[in-house]
Undergrad: 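Submitted below is the structure of interest, expressed as structure tokens.
Because the structure is predicted, anything quoted here is derived from the model rather than measured. Each chain gets a letter, A, B and so on, in the order its sequence line appears, and its residues count up from 1.
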Amino acid sequence: MSLIAATGLAVRYGGRRVLHDIDFAIAPGEIVTIVGPNGSGKTSFLRALLGVVPPAAGRVTRAPGLRLGYVPQRLHLDPGLPLPVGRFLSLPRRAPRDRMVAALAQVGLGDLRGQDMATLSGGQFQRVLLARALLGTPDLLLLDEPTAGLDQPGVASFYQLIEEVRRETGCAVLSVSHDLHVVMSASDRVVCINGHICCEGAPQVVREAPEYRALFGFGTGGALALYQHDHDHDHDHAHDHDHAPTH
Amino acid sequence: MLDDFLTRALLAGLAVAIAAAPLGCFVVWRRMAYFGDATSHAAILGVALALGFQISIFLGTLLVALVMAMIVSTLAGRGWAMDTTLGVLAHSALALGLVAVSFLPAVRVDLSAYLFGDILAVARTDLAVIVTGAALVLGLILWRWSALLTATLSHDLAHASGLAPDRERMVLTVALAIVVAVALKIVGALLIAALLIIPAAAARNLARSPESMAAAAALIGAASVWGGLRLSLVHDTPSGPSIVVIAAAIFLVTTLGAGLAARLRAR
């Protein structure tokens, strides 16, 4: 039984077709990474799964009682809004103090409840967003480009954290990345989207090879992996994205 | 006690200031300042229609403000360039209202009372309407507080939390229309937006959480009403603008104070 599934899903904005013929399902405890170039519809896919945009065709089915934890790409934090971390963690439902502290500890942060969201570093901010999602004890975490704006060690440690969370809670993880090639090594499956699903498969875990060490740097703790694209079709329209480097 | 016109004025002013405060915070957080302008300027059109069709001024402004707020809210939802659109709507509504009033038979239409408020002329029935409307707005915002706050941070996050952010936006739209209708008598169409924004902006300098900002805005709004009425009484100044002047003075003080405190901490 999959947690959430899309069958024949299409999404349109106005008259523009963003996604079509998407068949997708994610199983309990699975880590899936969605990759795709900018404008490929991967965020729209996530929004369709969340139910924010209605499908133009096909449908999205959820397991009954499914608890979703959503980590948005960014938040609109107006400077006019004072927002301590503790208050944010309690949105929209108030969370008990000990659970907030536990959730912050789980993502590797101290008791930051009194600190204003605007003063957090990029890495801390992402972790607070994750802590909020974890407070709902989700069966499925949806992450929209969670590592955008982080440097490579930051990306690696965030991915390690996700892997840890999966190990501890057993929740499934669906993560969207604009990086076509470098993905979370814990991904069970990588799905490449460009309007439709182009290809999918397991990422290639890179450990000791020096050429990859040079690419990924040291100290990433094996959190990053490569996704080798395997496109077996041609689009009948002009290509505007480029997968060339690893083909 | 309600026989005294000053008591009635003070009570009406306090009710509106306290109800406008939490709503004003959302206007600031969601950058809806111009939205408030457009809706409140449309109130003059409501006055003209109410006088023309001989219905209550309150009802006329409420209806027109509601229609205007819905139009703006819908356009915002469709992603129009809000700055320009709102500018066009705000000023067209005001101009249209002023022209419409001029067509009415020249009976006792004192336009300045609607443009700048006439708080000292609040009658008992006015007071009842104003307090009821203010309580409604305050209740609505407090009831939806957490949902509104979540939707303000992120549309998708609110959706993922099982909320309907479009419905929350409608809550703000309706609350804004009611505030415009009840505040017309207090500060007038031209200054309603000031009563929403200035106390909230002044409170921002003092607050460390959304809730404390709303509470501080309510206190500042109430103090402005009290101070403005005193000023108006002692120096015979127009009461609506006097209230806004006091609010602006408080804003200046809290802003300078916050700047000074930050500088002292940096040492």
Side-chain angles (χ1 to χ4, degrees), chain A residues 4 13-14 43-44 46-54 62 65-95 113-119 125 128-130 132-133 135-136 138 140-145 174 176, chain B residues 22 24-33 77-79 143-169 171 196-217 251 254-255 258 262 265:
Chain A
I4 200 163
Y13 285 131
T43 293
S44 302
L46 209 56
R47 298 183 87 213
L49 289 182
L50 279 172
V52 179
V53 286
R62 293 184 183 189
L66 177 73
R67 287 190 304 272
L68 287 179
Y70 174 58
V71 177
Q73 191 174 352
R74 57 172 177 266
L75 283 186
H76 164 77
L77 264 186
D78 192 273
L81 173 61
L83 190 65
V85 169
R87 186 68 191 92
F88 173 69
L89 292 178
S90 276
L91 281 177
R93 278 166 286 277
R94 194 157 291 281
R113 281 175 303 136
Q115 197 172 331
D116 198 277
M117 293 287 286
T119 64
F125 199 92
V128 168
L129 291 182
L130 181 62
R132 183 193 164 280
L135 275 169
L140 171 61
L141 270 178
L142 295 169
L143 313 170
D144 189 3
E145 305 213 8
L174 178 62
V176 163
Chain B
C25 288
F26 281 108
V27 169
V28 168
W29 297 334
R30 298 170 74 111
R31 309 209 165 181
M32 292 164 55
R78 293 199 187 150
W143 173 48
R144 303 307 307 164
W145 181 264
S146 256
L148 280 167
L149 204 50
T150 311
T152 298
L153 285 175
S154 158
H155 181 275
D156 292 1
L157 190 74
H159 224 290
S161 309
L163 303 169
D166 293 333
R167 193 184 59 204
E168 305 306 335
R169 198 179 60 199
V171 166
L196 285 167
I197 293 159
I198 300 179
R204 172 63 184 103
N205 298 314
L206 309 172
R208 305 191 63 177
S209 74
E211 288 75 18
S212 63
M213 179 164 156
F251 170 78
T254 65
T255 305
R265 266 199 306 276

Undergrad: Got a second to check how far B:L149's CG is from A:L91's CG, nearest 0.5 Å?
TA: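 Rounded to the nearest 0.5 Å, the CG-CG separation comes to 5.0 Å.
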Undergrad: Picking from B:H155, B:M213, B:H159, which has the most non-hydrogen pairs under 4.5 angstrom with chain A?
TA: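 Highest number of heavy-atom pairs under 4.5 Å: B:H159.
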Undergrad: Out of B:T150, B:N205, B:T152, which one racks up the most heavy-atom pairs below 4.5 Å with chain A?
TA: B:T150
Undergrad: Could you report the tightest heavy-atom contact between A:G80 and B:V28, atom names first, then the distance?
TA: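 For A:G80 and B:V28, the tightest heavy-atom pair comes out as CA-CG1, 4.5 Å.
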Undergrad: Considering only heavy atoms, which portion of A:R67 lies under 4.5 Å from any heavy atom of chain B: side chain, backbone, both, or neither?
TA: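 Contact with chain B: none, neither part.
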Undergrad: Supply the atom-to-atom distance B:S154 OG to A:Q73 CD, rounded to the nearest 0.5 angstrom.
TA: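 B:S154 atom OG to A:Q73 atom CD measures 10.5 Å (nearest 0.5 Å).
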Undergrad: What are the two closest heavy atoms between B:P210 and A:P84, and how far apart are they?
TA: CD-CD, 4.1 Å
Undergrad: Counting only N and O atoms by type, is there a donor-acceptor contact under 3.5 Å from the side chain of B:R204 to the main-chain atoms of A:P79?
TA: yes
Undergrad: Does this structure show an ion pair linking B:R208 with A:D116, if we count only N-O contacts that are shorter than 4.0 Å?
TA: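 Here B:R208 does not pair with A:D116 in a salt bridge, since their nearest N and O are not under 4.0 Å apart.
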Undergrad: Does any heavy atom of chain A fall under 4.5 Å from the side chain of B:L163, the backbone, both, or neither of them?
TA: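 Interface part for B:L163: side chain.
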Undergrad: How many angstroms lie between CG in A:D144 and CG in B:D156, if you round to the nearest 0.5 Å?
TA: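 A:D144 atom CG to B:D156 atom CG measures 8.0 Å (nearest 0.5 Å).
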Undergrad: To the nearest 0.5 Å, what is the distance between OH (A:Y70) and CG (B:L157)?
TA: 7.5 Å
Undergrad: Can you tell me which of A:L129, A:L50, A:L46, A:V52 forms the most heavy-atom pairs within a distance under 4.5 Å of chain B?
TA: A:V52
Undergrad: So, does B:W29 use its side chain to make a donor-acceptor pair with the main chain of A:D78 at under 3.5 Å?
TA: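 Answer holds: no.
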Undergrad: Going by distance alone, is a donor N or O of one side chain under 3.5 Å from an acceptor N or O of the other, for B:S161 and A:R132?
TA: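 B:S161 vs A:R132: donor-acceptor pair found between side chains.
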